[in-house]
J.: 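One structure coming up, written as structure tokens, with questions to follow.
Below, all heavy atoms of this structure are taken into account, side chains as well, without hydrogens, waters or symmetry copies. Numbered from 1 within each chain, the chains take letters A, B, ... in sequence-line order.
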Amino acid sequence: MDSESKTTPTNFIRNIIDDDLESGKHDYIITRFPPEPNGYLHIGHAKSICLNFGIARDYKGQCHLRFDDTNPAKEELEYVESIMEDVRWLGWDWDERLYYASDYFDQLYEYAEILIKDGKAFVCDLSIDELREYRGTLTEPGKDSPYKNRSIEENLDLFRRMRDGEFPEGSKSLRAKIDMASPNLNMRDPVVYRIKKTEHHRTGDTWQIYPMYDYTHCVSDALEMITHSLCTLEFEDHRPLYDWFLDQLPVPSHPRQIEFARLNLTYTVMSKRMLLELVEGGIVDGWDDPRMPTIAGIRRRGFTPESIRDFADRIGVAKANSVVDYELLTFCLREDLNKRAQRRMAVLDPLKLTIRNYPEGKIEEMDAENNPEDPDGGHRKVKFSRELYIERDDFMEEPVKGWFRMAPGKEVRLKHAYYITCEEVIKDENGEITEIICSYDPNSRGGWTEDGRKVRGTIHWVSQAHCIPIEVRLFDHLLTIADLNDVEEGKSYLDYINPDSKEINTKAFGESSLRDTKEGEKFQFLRLGYFAVDKDTSEDMPTFNRITGLRDSWARAQNK
RNA sequence: UGGGAUGUCGUCUAAUGGUAGGACAGCGGUCUCUGGCUCCGUAUGUGAGGGUUCAACUCCUUCCAUCCCAGCCA
């Protein structure tokens, strides 16, 4: 990971840390990644993970993994496990620094009693609806709760009885006494504890009351001696409350909350709610659908952790809302896999090709390098014979200007094999081309000749008798619009779902070496793109996801 | 129309009073047994107006635009 840290650009958060180190405010940096275990992680979380763990790595500090599990109604063990898997997959390690906010429930409760004893919190009997009314609006101040002036003794008694389960859910809450007239709604006597008679995935039925995020998060950070508590922009308004709680309590430290902009990616959604709707609405095939921006989805699609880390470094960290071009993500993938992925040949849209002057029944083994970018990549043998399949797109009966693939009378190179020339085109009654008849030059074995003549076009192929059927899954963007901010008035992102985001191709063939592959293995199919073996793969039908295509300057020029 | 924040190439991001730079995308070329890769070249930007200054993305000021906040969610 050393080579990566070299290229990690600086950002305003690292500048703050540099200052804090230089001023002596800190001599050791501790960050944390604090997911709520109520859903799957997505690539936006990956940004946060790489930020927090990356800082810990570069400053030789620590990064804690802490589950923010204060709401048992929404959280499950299943998510805890998938989150840990995703963080590990991304290449980060929290060692023994695994924490749960629920581990602090006792401490949090003690601190709450301190708040009460100091006259800074009270038990409120207002219902949820009443509370909303009393809160006021964005432009009007709120009103004090009629219960705000209860005695400390009464508050303590009531709070303990809340803890002991004497009151029904929603009937009472513990609230901080701050300022109902504050222009910041978060400061209008916020709820600190609510009654919830739900079993918690870790503490079971120990608790009848659970602390709220604003109270829990800052205290957890302080207890863990976090130095810099990094969160997303929507918590900016919560910072005064974060600081308020820590100022009232005898906590061992007072971390600094710093907010940064969350990641948005073009042509997709990134909110838990929308992602959930895609899954539950059957628009995608689950959380790990290769089209999903979830970590599980991009992993299944075939993206590498290296490419995601590189991406996180390249997008930077700032406070301005932004939408990053999906192309940058595919760029990072190509850059990674170009150096590492072995090349294979596969034909997605097969067109039969027969070499008239090649002996029937003859089989040759052609030598093919596995990766021209990798000197240690080695070579493999690919069987060649009289009958082949080539890509239908690689033949054009009446070639356009600039075309240098196959066309009648034109000599092209079969990659790793021979020069061939198209002599005849066979069509069916509908005029569809069904077969190409060629001749080959026996002196061009290996794909070159001694006379050094130039053959511009090189195409990929598979031998009919030796190739295997494969399934190939092609994906496109989930949405037809790049930027969610461009959703028209009165419409939702659901009105922009791309109906053609998935294409299952079962007519493809691959070279025989593709028979033995394992889930997750990645290849470059020559001239087609990068592919990863899907979890649905089987011996009978090796199954590949196209991660992304290759850059195709020919196609781009044609589309102009 | 309360409060909080943010505006730099198409996109993302640097420049902390001293030459507006990088990356992706684009375009053009080079190279090539992948129309891939490589390499080279190239265009495009400080939201607007005022002010301070020898000098402003940076400081002041007015405006404009966008985002966030009225869960006993996080």
J.: For A:Tyr419 and A:Trp448, I'd like to know if the aromatic rings sit close, meaning centre-to-centre distance below 6.0 Å.
T.: no
J.: Hey, does the side chain of A:Arg239 come within less than 4.0 Å of B:A5's phosphate (OP1/OP2), counting only N and O?
T.: no
J.: Between A:Phe509 and A:Tyr389, is the ring centre distance below 6.0 Å?
T.: yes
J.: Are A:Phe12 and A:Phe260 close enough that their ring centers fall under 6.0 Å?
T.: no
J.: Nearest-nucleotide wise, let me know which of A:Gln524 and A:Glu327 is further upstream toward the 5' end of RNA chain B.
T.: A:Glu327
J.: Expressed in whole Å, how much space separates the C1' atoms belonging to B:G7 and B:A48?
T.: 12 Å
J.: Output a table of nitrogen or oxygen pairs between the protein and nucleotides 12-17 of chain B separated by less than 3.5 Å.
T.:
unit_1: B:C12; atom_1: OP1; unit_2: A:Val323; atom_2: N; d: 3.1
unit_1: B:C12; atom_1: O2'; unit_2: A:Ile315; atom_2: O; d: 2.6
unit_1: B:A14; atom_1: OP1; unit_2: A:Val317; atom_2: O; d: 3.4
unit_1: B:U16; atom_1: O4; unit_2: A:Asn15; atom_2: ND2; d: 2.6

J.: Please check if the distance between the ring centroids of A:Tyr40 and A:Tyr79 is under 6.0 Å.
T.: yes
J.: If we ignore hydrogens and angles and just use 3.5 Å, is the side chain of A:Asn264 paired with the main-chain N or O of A:Ser322 as donor and acceptor?
T.: yes
J.: Please report the distance separating the P of B:G21 from the corresponding atom of B:G28, rounded so that it comes out in whole Å.
T.: 24 Å
J.: How about A:Tyr418 and A:Phe384: are their ring centroids closer than 6.0 Å?
T.: yes
J.: P atom, B:A56 versus B:G51: distance in rounded Å?
T.: 12 Å
J.: Please list, chain by chain and in numerical order, all residues satisfying ring pair (Phe, Tyr, Trp, His ring centres under 6.0 Å) with A:Phe159, sequence neighbours excluded.
T.: A:Tyr109, A:Tyr193
J.: Measure centre to centre between the rings of A:His217 and A:Phe235, then say whether the value is under 6.0 Å.
T.: no
J.: Along nucleotides 68-74 of chain B, 5' to 3', which nucleotides get a B, which get an S, and which get a -, given that the test is a protein heavy-atom distance under 4.0 Å?
T.: BBBSBBB
J.: Checking one value: the base orientation of B:G71, syn if chi is within 90 degrees of 0, otherwise anti.
T.: syn
J.: Can a donor-acceptor pair under 3.5 Å be found between the side-chain atoms of A:Arg405 and the base atoms of B:U34?
T.: no
J.: With a 4.0 Å cut-off on heavy atoms, is A:Pro372 in touch with a base, just the backbone sugar-phosphate, or nothing at all?
T.: base
J.: Within this structure, what is the OH-to-P distance between A:Tyr267 and B:C24, rounded to whole angstrom?
T.: 19 Å
J.: Taking only side-chain nitrogens and oxygens of A:Arg556, does any of them come within less than 4.0 Å of OP1 or OP2 of B:G26?
T.: yes
J.: Under 4.0 Å, counting only non-hydrogen atoms across every strand here, what does A:Arg188 touch: a base, just sugar-phosphate, or nothing?
T.: nothing
J.: Could you tell me whether A:Arg202 sits above the aromatic face of A:Tyr100, with NZ or CZ closer than 6.0 angstrom to the six-membered ring centre and within 45 degrees of the axis?
T.: yes
J.: For nucleotides B:G26 and B:C9, find the distance between their C1' atoms and express it as a whole number of Å.
T.: 12 Å
J.: For the residue pair A:Tyr267 and A:His477, does the interplanar ring angle fall in the parallel (under 30°), tilted (30 to 60°) or perpendicular (over 60°) class?
T.: parallel
J.: When rounded to the nearest Å, what value does the distance between C1' atoms of B:U32 and B:C12 take?
T.: 32 Å
J.: Look at all strands and tell whether A:Glu259 reaches a base, only sugar-phosphate, or nothing, counting heavy atoms closer than 4.0 Å.
T.: nothing
J.: Requiring both pairing distances under 3.5 angstrom, list the stems that contain RNA chain B and are made of three or more consecutive Watson-Crick or G-U pairs.
T.: B:2-7 with B:64-69, B:10-13 with B:21-24, B:26-29 with B:39-42, B:47-51 with B:59-63
J.: I'd like the P distance from B:A5 over to B:C39, given in whole Å.
T.: 44 Å
J.: What is the separation between atom CG on A:Asp393 and atom C1' on B:U34, rounded to the nearest whole Å?
T.: 15 Å
J.: In chain order, what residues pass the side-chain hydrogen bond (donor to acceptor under 3.5 Å, both in side chains) check against A:Tyr530, with sequence neighbours excluded?
T.: A:Gln524
J.: Cut-off 3.5 Å, side chains only: do A:Asp129 and A:Ser127 have a donor facing an acceptor?
T.: no
J.: Using a 4.0 Å heavy-atom cut-off, does A:Gly142 contact any base of the nucleic acid, only the sugar-phosphate backbone, or nothing at all?
T.: nothing
J.: I'd like to know if A:Glu373 reaches the base of B:G36 with its side chain such that a donor and an acceptor end up less than 3.5 angstrom apart.
T.: yes
J.: Tell me the side chain to side chain donor-acceptor pair (under 3.5 Å) pairs involving residues 175-184 of chain A, sequence neighbours left out?
T.: none
J.: Pick base, sugar-phosphate or nothing for A:Arg413, based on heavy-atom distances below 4.0 Å to the nucleic acid.
T.: base
J.: For nucleotides B:A25 and B:U11, find the distance between their C1' atoms and express it as a whole number of Å.
T.: 7 Å
J.: Roughly how far apart, to the nearest Å, are B:U19 and B:C64 at atom C1'?
T.: 31 Å
